[in-house]
There are 2 protein chains.
Amino acid sequence: MDETIAMLRARGIQPTQQRVAVLRHILKVMEHLSADEVLAQVRRECPMISRATVYNTLNLLVRKDLLRTQILKEGTVVFDRNVSPHHHFIDEASGRIYDIPWSALKVSGEKSLEGYEIREYQVVMRGRRRGQK
Amino acid sequence: MDETIAMLRARGIQPTQQRVAVLRHILKVMEHLSADEVLAQVRRECPMISRATVYNTLNLLVRKDLLRTQILKEGTVVFDRNVSPHHHFIDEASGRIYDIPWSALKVSGEKSLEGYEIREYQVVMRGRRRGQK
DNA sequence: GTTCGTGCAAACGGTTTGCAACAAT
DNA sequence: ATTGTTGCAAACCGTTTGCACGAAC
């Protein structure tokens, strides 16, 4: 049985060919893709998919908590398959975004902020990846 | 003597009427404005300013380190008059962005991230402002 | 009289929307 | 038959660009 289809069904989403292709692709690649990147890449395997369907599908998956959007790049939103709290590092040379595990960093002091009801937070780091790839 | 004009001169920028109006407005308001918001608000005092000039001016001021851009909202960049390290809180109800002083939060663990050369980082918090206004 | 700055309109890129054709139930 | 899904094209919105007019050195 197909895990991607099961995920969609579990959220009450009809597993159409296009939706399965989109979700399957995102779960496969490790990158944080923009909608247009998803479109281009999914089209290789599923040529008859339209821009509108990709956008519709991605927004649907976000609404159903299978994906999250992140505001990390100028001009475009990226979709994150990791829906649990974590931090981000953005390589300024390549633009590539890396997930940093929640446990790798510790933020303190946020409880003493008066008047701010924090629903969620993350550390956003920018710089350069060094060494390996 | 005018402080705004002095700031521009110090950076070798010709203090034209439009540039002074843009910078003066940004230094006056406390908000993190988008370019179009700057345009709309500056036009009240300086009606004969064009969209292109506002965008040109803002980009120039960023290039000369008088402003910083921040990627915090979907679909638009905001301009930050605070060019020193600090954190941000975004009120999800109003969209308003608040500066959080660098000293209010402490992040630890970032030195032990192997392979990541961090040039800068900040904590981005989202939630609701409580109480006063 | 060059250089620099401005205003306008067109172009651009990411995203959304309206709508007609088409499945699926 | 009704509802949900897709593809296409047009619309939209923030931003950039090309170009001609005008101001400043």
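FYI, side chains are in, hydrogens and waters are out, and symmetry mates aren't considered; it's all heavy atoms of this structure. Residue numbers begin at 1 in each chain, while the letters A, B, ... track the order of the sequences. For clarity, every value in this text was computed on a predicted model and none was experimentally measured.
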Which residue, B:T57 or B:E74, contacts DNA chain C at a nucleotide closer to its 5' end, judged by nearest heavy atom?
B:T57
Measure from CG on B:L39 to P on D:dC13 and round the result to the nearest Å.
15 Å
Taking only the side-chain heavy atoms of A:A52 (C-beta and beyond), determine which of C:dA9, D:dG7, C:dG5 contains the nearest atom.
D:dG7
When rounded to whole Å, the CD to C1' distance for the pair B:E37 and D:dG14 reads 12 Å
Atom NZ of B:K73 and atom C1' of C:dG14 are separated, to the nearest Å, by 18 Å
Nearest-nucleotide pick for A:D36, side chain only, options being C:dG14, D:dG14, C:dG5:
C:dG14
Rounded to the Å, how far apart are B:F79 CZ and D:dT15 C1'?
10 Å
Categorize B:R51 for me: base, sugar-phosphate, or nothing, with a 4.0 angstrom heavy-atom threshold over every strand shown.
base
Of the candidate nucleotides D:dT5, D:dT15, D:dG7, which contains the atom at the shortest distance from the side chain of B:Y55?
D:dT15
Quick one, A:I100 with A:V123, criterion side-chain contact (heavy atoms from CB on, under 4.5 Å). Give me CA distance, side-chain angles, the key distance, then yes/no.
CA-CA 9 Å; A:I100 306 296; A:V123 179; over 6 Å; no
CD1 of B:I71 versus C1' of D:dT15: gap in Å, rounded?
14 Å
Between D:dT15, D:dT6, C:dT15, spot the one nearest the side chain of A:Q18, thanks.
D:dT6
Min side-chain heavy-atom separation B:P15-B:R9 under 4.5 Å:
yes
Whole angstrom value for the distance that separates P of D:dT17 from CG of B:L58:
15 Å
Whole angstrom is fine here: how far is it from CD1 in B:I13 over to C1' in D:dC25?
18 Å
Below the 4.0 Å mark, does D:dT6 have OP1 or OP2 next to a side-chain nitrogen or oxygen of A:T16?
yes
Give the nucleotide from the list D:dG4, C:dC4, D:dT17 with an atom nearest to the side chain of B:Q14.
C:dC4
Step by step, would you call A:Q41 with A:H25 a side chain to side chain donor-acceptor pair (under 3.5 Å)?
CA-CA 8 Å; A:Q41 296 176 18; A:H25 184 77; 2.6 Å; yes
Length of the line joining A:R63:CZ and D:dG4:P, which is rounded to integer Å:
13 Å
Counting heavy atoms from C-beta on, name the nucleotide in D:dC8, D:dT16, C:dT6 closest to the side chain of B:N59.
D:dT16
Determine, for A:E117 against B:R130, whether the closest basic-nitrogen to carboxylate-oxygen distance falls under 4.0 angstrom.
yes
Flag side-chain contact, heavy atom, 4.5 Å: A:R129 against A:Y98
yes
Of B:N56 and B:G75, whose closest DNA chain D nucleotide lies nearer the 5' terminus?
B:G75
Short side-chain N/O contact to D:dG7 OP1/OP2 from A:T53, under 4.0 Å
yes
